[in-house]
There are 2 protein chains.
Amino acid sequence: MKNKVTIKDIAKALGVSISTVSRALKDHPDISESTKTLIKNFAQEINYRPNVLALSLRQQKSHTIGLIIPEIVHHFFSSVISGMEDLSYREGYNIIICQSTENQFREAAALQTLIDHRVDGILISLSKSTQNFSQFKKAIEEGFPMVFFDRICESVETDRVIMDDTEGGRLATEYLIDKGCSNILHLAASSHLLIGRYRRDGYIQALKDHHLPIKEELILKCDTQEEVLTLQNHLYELLPQIDGVFAVNDSTAIALIQILKKKGYRIPQDIRVVGFGDGPNATIVEPALTTIEQKGYDMGRESVRLLLQRLNNPSASISYQTRVFPPTLKIRESA
Amino acid sequence: MKNKVTIKDIAKALGVSISTVSRALKDHPDISESTKTLIKNFAQEINYRPNVLALSLRQQKSHTIGLIIPEIVHHFFSSVISGMEDLSYREGYNIIICQSTENQFREAAALQTLIDHRVDGILISLSKSTQNFSQFKKAIEEGFPMVFFDRICESVETDRVIMDDTEGGRLATEYLIDKGCSNILHLAASSHLLIGRYRRDGYIQALKDHHLPIKEELILKCDTQEEVLTLQNHLYELLPQIDGVFAVNDSTAIALIQILKKKGYRIPQDIRVVGFGDGPNATIVEPALTTIEQKGYDMGRESVRLLLQRLNNPSASISYQTRVFPPTLKIRESA
DNA sequence: TTGTAAGCGTTATCAC
DNA sequence: GTGATAACGCTTACAA
């Protein structure tokens, strides 16, 4: 934060008042053309730049958006950020980024920090561990614009950007059934994670639709690569009785494929596998992963769009909106 | 940005002066314990939160760091961001993120925005297209703390965090040579990208060290998955005469492996392939990719560390530092 | 021990 | 047309 030029300096140098400078720089109609050009040229010359901090303080508007995200390194999340950044850049907003690292306390701290920074609004995808939503409710009640994306919370009334996870789960499972699978394992996320529950619901619905039995022992909480390894033995015990797997995300599906192959299972001949996400890994694993496409970049853009819409219409009469992205099944070789 | 409580409100409510409130809240020794507790309790009760904007304006310090990064979606960069965010969070700094999308004009705009926002310092990795560094030089000359990481620029004197790309290239190539390769193709980045040039230099050095001829036609500008596909035919023409490939990054290496396999080449028996980066894809492709490890998370942390060190010692007497991360070869199956 | 007032950089409301 | 001045929320000499 260096010793920058201020309008005060310009005023002094040019022998005019501060307010004249301020007005001239923003083309106020009252100022004569001659003084305008004089001031503007000089400002340009000495490379004047308005102090955004002072502006924000004065205008009660920071033109900054806060983002709380579980883990930046996941491809889905990083593409979401990318989409957010692209649009907000166009619209003259900046993004302050905080990662919760799936920790609810750090998430809470991030929310506080962002509010303290007087961001104009917040974009958030919940951490896996968050169970208490009171702070979010409070912030929203106080009129703080907030958009939840992907990992939302139903008990908090607000704008949302999600995909149809239930339909995604159903689509994936139905595809397996269509391919002849009848004993389908579901590698699921923790059920208090909404997207996890929905994907599982979709799985169950597809089973029901096709009059297949729902077996509790075939729904296994296992949603990371590490967990696949931890549960390896248990998985091996289950495998003989199953002919299809729907995994809650790509990395779990891929980790499974890897241990399946190690055991000599052929995919898709012996076991079919469908993932969820369609990240770059899906086309690298062999066989290439059949999976549900998740449009991170677009969801990021849409989240910002929704937020800005609310910021630009503070009249607040718009009712909360939920944007639902339809899932698409990317059929490849694993199923 | 809601109608929040200010110290003024507290002062009025409690019948004390603004300065007393200000002092009490920061435990100023002059204030009596009784008023302190009175004020603190009340502040807590009505949920007072200081306005960071006002603070920054007053103290000429925003506790905010600006980040300019080419593309968030690349695994290396997202892990860098993750490391940066983790450390700066601990140290009470926030990060404003801007992506240049490999576009030098957007990069220049980002720099300006961040300076306008009075960030305390900037972390930057250059876009591929940047050829003009004058703005960076100017900012640094004006005393703006800046740390370049990964994609640095040698003509700008400043703190740097890089890895030893030359050594990485040498290591990769030498490993191929040790394995018996003598006709090694190098899929290179554009040579005005410093990291690209260094990796190529390492390749050349290894060849020289082992008295192997350097053939210009075996150095091919090809550093993305897309480019591999574009150059597919040319690559197929080259392949019969080569027995090893060193690719400037993992995704290029993997894309190559995929088209090699399609043509029936066996890896590593027919052609050995080494990549650079060691992202998550490296263990998914088959055969698993032998590659140079690049510690994104650590480099991110180190960049922030270097920046904070400078911010905390504004005496500015510390000479510029360059942190060099040594490369490690991760040996897997592709070479 | 507490209060007054100036100032951080800007804009907006008055005057003249 | 242009210039004082107050205000945004806070800190900090300097007074009291």
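Labels below follow one simple rule: chain letters A, B, ... track the order of the sequence lines, proteins then strands, and each chain is numbered from 1.
Put simply, the residue from A:I96, A:V52, A:I95 that forms a side chain to side chain contact (heavy atoms under 4.5 Å, CB included) with A:T64 is A:I96.
In terms of heavy-atom proximity, B:S22 sits nearest to B:I7 at CB-CD1, 4.3 Å.
Taking the six-membered ring wherever Trp is involved, the centroid distance between the rings of B:F42 and B:Y48 does not fall below 6.0 Å.
Distance, A:I39 CD1 to D:dT2 C1': 10 Å, rounded to whole Å. The distance from atom NZ of B:K61 to atom P of C:dG9 is 16 Å, rounded to the nearest whole Å. For the pair B:K12 NZ and C:dT4 C1', the interatomic distance rounds to 17 Å; values are reported in whole Å. Here the C1' atom of nucleotide D:dT2 and the CG atom of A:L14 are 14 Å apart, to the nearest Å. Atom-to-atom, CG of B:L57 to P of D:dC10 comes out at 12 Å; the value is rounded to the nearest Å. Rounded to whole angstrom, the span from the NE2 atom of A:H63 across to the P atom of C:dT10 amounts to 16 Å. Distance CG (B:L55) to C1' (D:dC8): 13 Å, rounded to an integer number of Å. Taking atom CG of B:L25 as the reference point, atom P of D:dG9 lies 15 Å away to the nearest angstrom.
Residue A:K26 has no polar side-chain atom (N or O) positioned under 4.0 Å from OP1 or OP2 of C:dT10. Phosphate contact (OP1/OP2 of D:dG3, side-chain N/O of A:S17, threshold under 4.0 Å): present. The side chain of B:T35 places an N or O atom within less than 4.0 Å of a non-bridging phosphate oxygen (OP1 or OP2) of C:dT2. For C:dT2, the OP1/OP2 oxygens have a side-chain nitrogen or oxygen of B:S32 closer than 4.0 Å. B:T20 has a side-chain polar atom (N or O) that falls below the 4.0 Å cut-off from OP1 or OP2 of C:dG3. Look at B:K8 and you'll find a side-chain N or O under 4.0 angstrom from OP1 or OP2 of D:dC8.
A:R106 and B:D86 are joined by a salt bridge, as a carboxylate oxygen and a charged side-chain nitrogen come within less than 4.0 angstrom of each other.
Within 4.0 Å of B:T6, counting heavy atoms only, lie sugar-phosphate atoms of the nucleic acid but no base atom. If you check every strand for non-hydrogen atoms under 4.0 Å, A:I7 touches a base.
Residues A:S127 and A:T130 have side chains that bring a donor and an acceptor to within less than 3.5 angstrom of each other. Residues B:E71 and B:T101 have side chains that never bring a donor and an acceptor to within less than 3.5 angstrom of each other.
Listed nucleotides D:dC10, C:dT2, C:dT10 differ in distance to A:I18; the shortest reach to its side chain belongs to C:dT10. Taking every side-chain heavy atom of A:Q60 into account, D:dC8 is the closest of C:dG9, D:dG1, D:dC8. Picking from C:dT1, D:dT12, C:dT10 the nucleotide with the shortest atom distance to the side chain of B:D30 gives C:dT1.
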Taking only N/O atoms, report every protein-nucleotides 13-15 of chain D pair under 3.5 Å with atom names and distance.
unit_1, atom_1, unit_2, atom_2, d
D:dA13, N6, B:R23, NH1, 3.2

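Positionally, the nearest nucleotide of DNA chain D for A:V21 lies more toward the 5' end than for the other of B:R49 and A:V21.
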Run the numbers on B:V80 and B:D150 for side-chain contact (heavy atoms from CB on, under 4.5 Å), then give the verdict. CA-CA 10 Å; B:V80 168; B:D150 192 52; over 6 Å; no

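The ring pair (Phe, Tyr, Trp, His ring centres under 6.0 Å) contacts involving residues 58-95 of chain B comprise B:H63-B:Y93, where partners must be two or more places apart or lie in separate chains.
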